[in-house]
Structures are given as C-alpha cells and as structure tokens.
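Right, one structure below, let's go through it.
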Amino acid sequence: MEKIYKVHNVDARLINSVIKEKLVDVTITSPPYFDLKDYGSEQQIGFGQEYDEYLNDLKVVFKNVYDVTKDSGTLWVIIDAYRRDGEVVPLPFDFSNKIKEVGWKLQEIIIWKKDKTVPWAHKGQMRSIFEYILVFSKSTEFNFFIDRVRDFTSLKKWWVKYPERYNPKGKTPDALWDFGIPVQGSWGNGYIDHFCPLPEELIEQILKITTNENDVVLDCFSGSGAVLSKAVNMNRKYIGFELNPDYIEMFHNYLNNTGEVKRNDFLFEEQNTLDQDKFEKLIFELRALKYARLLYNELKKIGLLSENLKISVEITNQKPVKKNALLQVKYNILFSEKYDEIKLNKEIIKLTLKQPLSKFGIEPIFYFTTLYDIFESKVKQKFVYCYSNKVTHKFSSRINKNEINESPKPIIIFSNIKVDLNEKDYE
Ligand SMILES: C[S@@+](CC[C@H](N)C(=O)[O-])C[C@H]1O[C@@H](n2cnc3c(N)ncnc32)[C@H](O)[C@@H]1O
C-alpha cells in the first residue's frame, strides 16, 4: 500500500482516490481564495474561475472530506469575505450553505481576530481585521474536548471567595479568538514566503479541542504545511493535499530543520495541563470548606445552631454517585444534645437540596454525633487546619486533633485541607 500519511501532490477533488476509508479525526484548512491569488498550478481552484464554479469545486472537495471523516470528526475552515465590484461577497455564508448540501452541519462560527492588516481603509470600508473560522460536524455527537482549552489563569479574583461560581477547569473560551498572524520569518528562515500562514497557537488550540495523540489530521489545501507541522509536533498523524510541489518541499525542509525543537516546545506546553489539574483541586477544596461554612449559616437562620457546633471536612476519593455532582465530601458534625438527631438530619438534607448549597456540585456524606470523642475519632489526621465561620479560603491555625475541643469560637471547621489564599494576590 502506498504511504498515506504524507502530503500528496494530488488535486483535492480527488481525495477519494487516495483515502479509501473513514480515518480522519479533524480537517483544518484554508481554501484557496476566489480569483484573487495565483498559487501557480494549472488545476488550482479559485484563480480564473467563475464564482459558481469555484463554490461547486469546493463542494466536491468537502464531499470527499466528509466521506473520509470519522463520524466523531470535525471540519474547521478558515475563510473570509471579500469585496468585488463595489460590494461585499459573503463567501463564508455561501460556502457554508454549499457544503451543508453534502451533509456537513455548521456547529460554531468563530471570529479570528488577526490584528495585523493595512492601516488604512477605502472609502465606505472598515478596516478588516478578522476572518471566520467555521466549524462543521457530521453528526451531533462529535469530539470537542473544550476542558483542555479553558482559561484558568485570567479569572477575576472572585473565584477565591466564590469557588462555586467557577468551573473547576477554568473559563469556557469565547468565540472571539485573538491570535496575531505570524510575521515573516517567525517560522524559521524563509519558510513562509507563502501567503497567509496560520498562527501556530491557533492550530494548536483546534488540535487540542479535537484530537488526541495519534489521531489523524487532514489539510486538503495544505500550502506551506502550517497545520501539518503542528500536527507532527503534537504527535498526530497527518495527510495533506497540495498542487504546488514547491510548497510541499518547503514543508519537508521545515520539518527536517525544526521537528525536534518544536516537539520539545509541545512537551513544555503539557505543563499547562498539570497546572489546570492543580487549579481544579484548589477549587474543589475551596468549595468543600465553604460548603461547611454556609451550612453553619443556614442552620443559624433556621434556629438549629448548637453552641458547640463543629464540622470536620474531608474530600473522599470516591466518584460521586449523584448526577451533576463533581466531588464527594464527608462532613462530620458535632452538635448539642438538645437537638433531635433525626430532625437535624432531615433539616440538613433539605438545606443541601436548596440554594446556595445545591450549587456546589458536592455530594455530601454526613455523620452526626453529640459526643465529642466520637467526633474526634472520625478525624483521621493527627493535625488539622482550622477555619472560622467567616473565612474558609485562609486557614487560621493548625492544631493537633486532640486540641479541637478547646478551639474557641469562631473556629468551627477542621480539615486536612490546607488553603492559604489572599484575594489580593489574584487581582
Ligand atoms: C490559502 S492556501 C493554504 C495556506 C495554508 N493554510 C498555509 O498555512 O500555508 C491554499 C492552497 O491550496 C492549494 N490549492 C489550490 N487548488 C488546489 C487543488 N485543487 N488541490 C490541492 N491544492 C490546491 C494552493 O496551491 C494553495 O497552496
């Protein structure tokens, strides 16, 4: 069998002559412009064509892409409108409608803000500083690993006090993507004399959202190979189609010269995932502690607060059983004899089903006791961090567990969780 994972110097309308099965996980491509640019080969799509002919050719290409894409796969097309004969031609929308005819479903319209462009505008024109990224799928079930690209570094400082409002993996990215276009030379000496290379970060973002290592990435108009090089760096397989052999050669030279270095860059990037895991753990810890504090407040509101109330908090390693719960937490509660345990239990369960507690994604497991010794025996660690009934993002002291009983109010929460955050550090 001829090698398939390479750039084929074959017309993209003939993809099905090269790929015979559904093996593509994602296609990322920017089609040749309509009639604006000569990419220097005879069968090229776009240059010298009528608009209808151009759209029909693109339909043929993307029908082929559809046929070789896995059912879970997606197609990402970077495309722009342009001006002709004194008006705007809405190519992204015409294109989208055209390829719908072969089965592609439009899922997202992302605006890619490119920043760099000509500093002047013609009469009646705004400065054009963006392109469209259209995302299509074959079905409604498709790979979209959005958690991997959540932003957890630029959250407002409020997450320290309101951990229940923040997704533990970070903020969902919005549909306005800000990636400056690469300046000449940033891809290495003379690699990109080619037009409109896509920024590496943009391609990386798409690959993270759509693929795992060893998945298959296709660019049916691969040009200088920006998409495919990134796929190689990120340990994905690649298939390209490109009519101009000079571009294919450029891509090979680039790979030979930079592969090793870029791969190391990617490994460095993986550090980010570790940081994201740490952030998630911290949000969970903050939630578990704050939940105990709010429980205290709610009990106070309904007149069920005992003088000697103490709560110990421990996150279990068990997966929660409840749907929508993110973590399971043990709350061990010491309360006064004057309350009936069954009633207290019932009231607490009611509270957990209502706001604010219901918003924490916590599956609580409660233990109640009126006996201090039993309470203490349920605390497994020798030392515990203490929190007051006002602040649970900063521990106030660390004590031996047999000192819990002597802790003066307002210290009511005891845990093996250590958080020591100062909101001012997160502005
Ligand atoms: C907009 S460029 C792609 C640029 C690419 N994304 C990059 O980063 O360099 C479009 C490419 O499609 C190629 N092309 C045009 N018609 C083609 C066809 N029928 N089959 C395969 N490639 C074609 C052109 O040679 C050109 O390199």
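Only a predicted model underlies this, so the values are computations on that prediction, with no experimental measurement involved. Heavy atoms only: backbone and side chains are in, while hydrogens, waters and symmetry mates are out. Indexing begins at 1, ligand by ligand and atom by atom, following the structure's order.
Annotation: cation-pi pair R293/Y296 absent, no NZ/CZ under 6.0 Å from the ring centroid and within 45° of its normal. Cation-pi geometry between R287 and F284 is not met at under 6.0 angstrom from the ring centre and within 45 degrees of the axis. For the pair K310 and F414, the cation does not sit on the ring face, since its NZ or CZ is not both under 6.0 Å from the ring centre and inside 45° of the axis.
With atom 13 (C) of ligand 1 as the reference point, the heavy atom nearest to it among E242, Q43, R13, M250 is part of E242. The closest heavy-atom contact to atom 4 (C) of ligand 1, among the options P32, P199, S30, comes from S30.
Atoms of ligand 1 lying under 4.0 Å from any heavy atom of S224, numbered from 1 in the order shown and given with element: 7 (C), 8 (O), 9 (O). Here is the list of ligand 1 atoms found below 4.0 Å of a heavy atom in P31: 1 (C). Atoms of ligand 1 found under 4.0 Å from any heavy atom of Q44, numbered from 1 in the order shown, are 15 (C), 16 (N). Under a 4.0 Å criterion applied to the non-hydrogen atoms of A226, ligand 1 contributes the atoms 8 (O). Short contacts between ligand 1 and D11, defined as distances under 4.0 Å to a heavy atom of the residue, involve ligand atoms 18 (C), 19 (N), 20 (N). Here is the list of ligand 1 atoms found below 4.0 Å of a heavy atom in A12: 18 (C), 19 (N), 20 (N), 21 (C). Within ligand 1, counting atoms from 1 as listed, the ones closer than 4.0 Å to a heavy atom of L198 are 8 (O).
A ring-centre distance under 6.0 Å is found for Y291 and Y331.
Between H8 and F241, the ring planes lie parallel to each other; the angle is under 30°, not in the 30° to 60° tilted range. Between Y39 and Y33, the ring-plane angle classifies as parallel under the 30° and 60° cut-offs.
With sequence neighbours excluded, the residues that form a side-chain hydrogen bond (donor to acceptor under 3.5 Å, both in side chains) with K70 are D25. For K394, the salt bridge (charged side-chain N to carboxylate O under 4.0 Å, His left out) criterion is met by D420, not counting sequence neighbours.
Taking 4.5 Å as the limit, every side-chain heavy atom of E108 sits out of range of all side-chain heavy atoms of F136.
Ligand 1 has no nitrogen or oxygen under 3.5 angstrom from a nitrogen or oxygen of Y33. Residue-to-ligand polar distances place I45 within reach of ligand 1: an N/O pair is separated by less than 3.5 Å.
Within the 4.0 Å heavy-atom criterion, neither part of S41 lies near ligand 1. Contact annotation for Y247 and ligand 1: only side-chain heavy atoms (C-beta onward) come within less than 4.0 Å of the ligand.
Heavy-atom distances between G46 and ligand 1 stay at or above 4.0 Å for every pair.
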